[in-house]
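Note sheet for the following structure.
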Amino acid sequence: MQYLETLNPQQLAAVKQTEGPVMVIAGAGSGKTRVLTYRIAYLIENGVDPFNILALTFTNKAAREMKSRIAEIIGNSEAKNLSMGTFHSVFSRILRHHSDKIGYPTNFTIYDTQDSRSLIKTIVKELKLDDKAYKPNLVHGRISSAKNNLISAAAYEANSDIVYEDRMSGKPRLFEIYKQYEKRCFNAGAMDFDDLLFKTNVLLRDHPDVLHFYQHRFKYILVDEYQDTNYSQYLIVKKLADVFNNICVVGDDAQSIYSFRGANIENILNFKNDYPENKVFKLEQNYRSTQTIVNAANSVIANNKDQIKKTVWTSNDTGNKIKVIRTLTDGEEGRIIAESIYETRINNQAENKDFAILYRTNAQSRSFEESLRKLNIPYKIYGGLSFYQRKEIKDLLAYFRLTANPKDEEALKRIINYPKRGIGKTTIDKLIVLADKFNVSIWDVIENPSEYPSGLNGGTLNKIGQFVTSIKSYQVLLEKNDAYDVAQHIAKNSGILKELYDDKSPEGVSRYENIQALLAGIKEFSESVEGDEIALLSDFMVDVALLTDADTDNDEDNDVVTLMTIHASKGLEFPYVFIVGLEENLFPSQMALNSRTELEEERRLFYVALTRAERKATLSFAMSRYRWGNLVTSEPSRFIEEIDSDHLEMAAASASKGRSLKQKSFENRAFGKPKKQPLFTNKNLKRVSAEDKVKSGKAASSLNLKVGNNVMHEKFGKGKVVGLEGDPAIKATVFFPKVGNKQLLLKFARLELID
DNA sequence: CTTGCAATGACTGAT
DNA sequence: TCATTGCAAG
């Protein structure tokens, strides 16, 4: 058990205390993942069957990585039997196993947020309610938090406090929407994200035999990021651990950032009451960051009232000061940071993957994308619209979904008229009303038109009939054929493939490519099945709804700069971290300014962001930024002021390398009201300085390009110059067969002439 | 029923 | 800014 020697005394103690309730309070960067990993390995080496271990992580990626780490220690065959994953993925599997007990088909669909909102929208319309008062995301948020607190639609209606609250906020009929939503999901054989936890609770509550089985199966339970569990999750864990009491939770109250998802910081604060014989271990030594970063983070979080007392410290070097950059606009913020990455990369022999740009909202990614692209710095954006949320992907998946579960209302609505087959809105509305009237699914209605007289004309009925026939023909294939073959067949036969192929616009081409990528993914899945078993499409569909960008990460060409929200960065670390958009009303968000608790959560979010950095953190804010297309002025975030000033180095964006690369420093917090704005806007100076950084030999501006020249680009491949701007040319429009037209600044794009 | 254009409102965060 | 929605005309 050599690996144990790498642990410090507290870590070791936490690993060895295998029996009874254990809480590990793990400060940022204190080696919590290591403790969890080794604890599991240690359990197994001491004779615990991996089959009896349940480990719940925050992302599927974290689970995969931990599993492979454990496999290295104890061998793959053992590690395979571990139950490990997110709450949602682990319990969705268990729910499928027992779906009949709670009245769901085994192939139940998982509605993602889009599906949920679309269904709510439909319901609001049907109930003829004002869609301004009942905005889908608001209503969904309300329903979601009810579910996370295990309040069913019936309980919601019966709860006078809640109903009163809704009435006061001008939404007296919200309970009706919830009721209808619950019914419609059930009739569609669909669960939303919250249902995966809610129904697990129902299953364990109403079926003692099932509860008994899992209580005895999961003798050892581990929960990561316990501070971000909600009541529904809390109760599942509590029930399962009730027999053996071997529960180990790991978390850090200072990093609780998901209360909007119902996360309840009380869970970690109340652990001691829930399990009186608990043992608590505190991991306070930070191995990740410099002293400057650790101390700065501590000084920020000290402003919060609600917290468990602990002292995070490090024996690492002092390191660089945290740089604070002020820029005029969000566009300039993007440029300065991209340039800073470029320079740092060269000066410190760093790689792209050593850098992360973290922001509060997804919408901020834009300016960074543009400027990184101009400097030819490869990057990847996480979050936002993930692959599986793109329209074309969801369309094809909807065919698969409907084939596997024809009751799936959202899937049906999506594709009954896509590609166009002349079944319009009025027809669909009629079908929905009819289905609701008889309390069946839309599929039931269109499958048996004679039983449910719709009053539609013959032509329409005929078109619907054809649609039903084609879906039925797919169903025949589903359970007997290879996933890839079925997927390919559906893609072709449904007309989706042709529809996208015929669209030759750049977007159309990329949609077609996405569909091909999905099919390739299914092919890979079907080839990964061992032996002579057949990979089924329905198996592929099982967790598609639960996948995120991080899960689809491949290991190839991953030397890229990371762009993500701070929420998504939880648990990750990077040598160089840029925390951007530090402005009042953005970070902290304006929605959080109403209450202390909300503001404290924003502050914890900032704490999480800072503690992602290993070597150097850089903060930035813009004095004005585009929001919904118009320029809004902004003030620096209060969080900057909350950092002990000893750790900060103030700098304004400097345009000229010649004048002061180190950038003008301010003795104190002079930001906010500059007397005048010198230098910073001088674009000419800027251009010179930027040009210096690109190896001049490669600068394409010296190529003397002409329209019609064939050129080679590092990333986009071969292309043809179709337009030039400026004299001498500074900007070129180049057509690349792979990606379409691109506008390139010649001083950055390292084009090579090839004819 | 479909198409095309004008008007509109969205930006927290994510399994 | 951008994607979705509503409306008029074919």
Side-chain angles (χ1 to χ4, degrees), chain A residues 56-63 85-92 110-114 116-118 121 125 131-132 135-138 140-141 144 147-148 191-198 225 228-230 232-233 256-263 330-331 358-367 370 382-386 388-389 391 417-429 456-457 459-460 463 507 543-551 564-570 581 585-593 598 601-602 604-605 608-609 625-632:
Chain A
L56 297 163
T57 58
F58 200 70
T59 62
N60 286 309
K61 193 184 174 201
T86 61
F87 275 88
H88 291 86
S89 71
V90 167
F91 294 113
S92 76
I110 298 173
Y111 276 177
D112 65 15
T113 310
Q114 274 180 49
S116 298
R117 298 215 170 133
S118 147
K121 228 167 156 181
K125 218 181 281 170
D131 58 358
K132 288 221 171 77
K135 288 194 181 134
N137 20 359
L138 249 155
H140 182 235
S144 174
K147 283 188 184 176
N148 286 329
M191 296 202 198
D192 65 15
F193 286 137
D194 305 313
D195 280 334
L196 295 175
L197 308 172
F198 187 100
E225 309 282 9
D228 280 326
T229 51
N230 59 38
S232 186
Q233 293 168 319
S256 163
I257 55 174
Y258 275 98
S259 70
F260 73 91
R261 215 164 79 186
D330 49 345
L358 307 181
Y359 35 77
R360 179 63 179 81
T361 65
N362 280 308
Q364 287 165 259
S365 67
R366 191 99 163 249
S367 60
E370 280 171 14
Y382 291 82
L385 245 206
S386 87
Y388 290 100
Q389 289 169 348
K391 182 188 177 305
N417 196 32
Y418 179 82
K420 297 243 151 28
R421 38 176 86 84
I423 304 172
K425 206 171 116 5
T426 6
T427 308
I428 296 169
D429 285 346
L456 293 163
N457 67 48
T460 310
K463 288 173 196 157
E507 300 84 32
D543 354 87
V544 158
L546 301 173
L547 292 178
T548 64
D549 276 352
D551 296 318
M564 53 171 54
T565 62
I566 302 166
H567 281 94
S569 76
K570 182 150 100 154
N585 295 326
L586 179 60
F587 190 16
S589 154
Q590 58 195 23
M591 333 281 271
L593 299 178
E598 282 176 304
E601 176 147 321
E602 293 285 307
R604 291 194 294 270
L605 194 57
V608 168
R625 116 174 9 252
Y626 278 95
R627 273 181 132 174
W628 316 290
N630 38 20
L631 205 58
V632 179

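Below, read A as the first sequence line, B as the second, and so on, with proteins coming before strands; counting in each chain starts at 1. What you are looking at is a predicted structure, and each value in this text was computed from that prediction instead of being measured.
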Hey, are the side chains of Arg421(A) and Lys463(A) touching, using non-hydrogen atoms and a 4.5 Å cut-off? no
Look at Asn362(A) and dC11(B) and indicate whether a side-chain polar atom (N or O) is within less than 4.0 Å of OP1 or OP2. no
Does dC1(B) have OP1 or OP2 under 4.0 Å away from a side-chain N or O of Thr427(A)? yes
Take atom CD of Gln590(A) and atom P of dG13(B), then tell me their distance rounded to the nearest Å. 12 Å
Tell me which of Met591(A) and Lys463(A) sits closer to the 5' end of DNA chain B, going by the nucleotide each one is nearest to. Lys463(A)
Provide, to the nearest angstrom, the distance between the OH atom belonging to Tyr258(A) and the C1' atom belonging to dT15(B). 8 Å
Any non-hydrogen side-chain atom of Arg366(A) less than 4.5 Å from a side-chain atom of Tyr626(A)? no
With no hydrogens and no angle check, just 3.5 Å: does a side-chain donor-acceptor pair link Ser367(A) and Asp330(A)? no
Residue Thr426(A), side-chain heavy atoms: nucleotide from dT3(B), dA14(B), dC1(B) that is nearest: dC1(B)
In whole angstroms, how far is the P atom of dA14(B) from the CG atom of Asp192(A)? 18 Å
Whether Phe193(A) and His88(A) hold their rings parallel, tilted or perpendicular, with breakpoints at 30° and 60°: perpendicular
Between Gln114(A) and Gln389(A), is there a side-chain heavy-atom distance shorter than 4.5 Å? yes
Could you tell me if the side chain of Phe58(A) sits less than 4.5 Å from the side chain of Thr86(A), heavy atoms only? no
Atom-to-atom span, CD of Gln364(A) to P of dT1(C) - whole angstrom: 18 Å
Is the shortest side-chain N/O distance from Thr59(A) to OP1 or OP2 of dT15(B) below 4.0 Å? no
What's the CZ-P distance between Phe87(A) and dT15(B), to the nearest Å? 15 Å
Please report, rounded to the nearest Å, how far the P atom of dT12(B) is from the CD atom of Glu598(A). 12 Å
Hey, does Asn417(A) reach any base, or is it just sugar-phosphate, or nothing, if we go heavy atoms under 4.0 Å? sugar-phosphate
Relative to the 5' end of DNA chain B, which residue comes earlier, Ile423(A) or Tyr626(A), by the nucleotide with the nearest heavy atom? Ile423(A)
Heavy atoms from C-beta onward define the side chain here; which of dA14(B), dT15(B), dT12(B) lies closest to that of Phe260(A)? dA14(B)
Leu631(A) CG to dT1(C) P: how many Å, rounded? 12 Å
At less than 4.0 Å, is any side-chain N or O atom of Thr565(A) found next to OP1 or OP2 of dA14(B)? Yes or no. yes
From the options dT12(B), dT2(B), dG13(B), select the nucleotide whose nearest atom is closest to the side chain of Ser589(A). dT12(B)
With the side chain counted from C-beta on, respond yes when Leu56(A) and Thr229(A) share a heavy-atom pair under 4.5 Å apart, and no when they do not. no
Quick one, give me the B/S/- string for nucleotides 5-10 of chain B, reading 5' to 3', where B means a protein heavy atom under 4.0 Å from the base and S means that only happens at the primed atoms, P, OP1 or OP2. ----SB
What pairs with Lys121(A) under side chain to side chain contact (heavy atoms under 4.5 Å, CB included), at least two apart in sequence or on another chain? Pro136(A)
Would the distance check show the side chain of Asn417(A) and the main-chain N or O of Gly422(A) forming a donor-acceptor pair, the cut-off being under 3.5 Å? yes
Between Asp429(A) and Lys125(A), is there a salt bridge with N-O shorter than 4.0 Å? no
Classify Ser89(A) by what it touches in the nucleic acid, base, sugar-phosphate, or nothing, heavy-atom distance under 4.0 Å. nothing
A cation-pi test, strictly: NZ or CZ of Lys391(A) under 6.0 Å from the centre of the six-membered ring of Tyr418(A) and no more than 45 degrees from its axis. Yes or no? yes
Send over the distance from Arg366(A) CZ to dC11(B) C1', rounded to a whole Å. 13 Å
Quick one: label Asp194(A) by what it contacts on the DNA or RNA (base, sugar-phosphate, nothing), any heavy atom closer than 4.0 Å. nothing
Write down the protein N/O and nucleotide N/O pairs, taken from nucleotides 5-10 of chain C, whose separation is under 3.5 Å; answer none if there are no such pairs.
| from | atom 1 | to | atom 2 | distance (Å) |
| --- | --- | --- | --- | --- |
| dT5(C) | OP1 | Lys121(A) | NZ | 2.4 |

Under 4.0 Å, counting only non-hydrogen atoms across every strand here, what does Phe587(A) touch: a base, just sugar-phosphate, or nothing? nothing
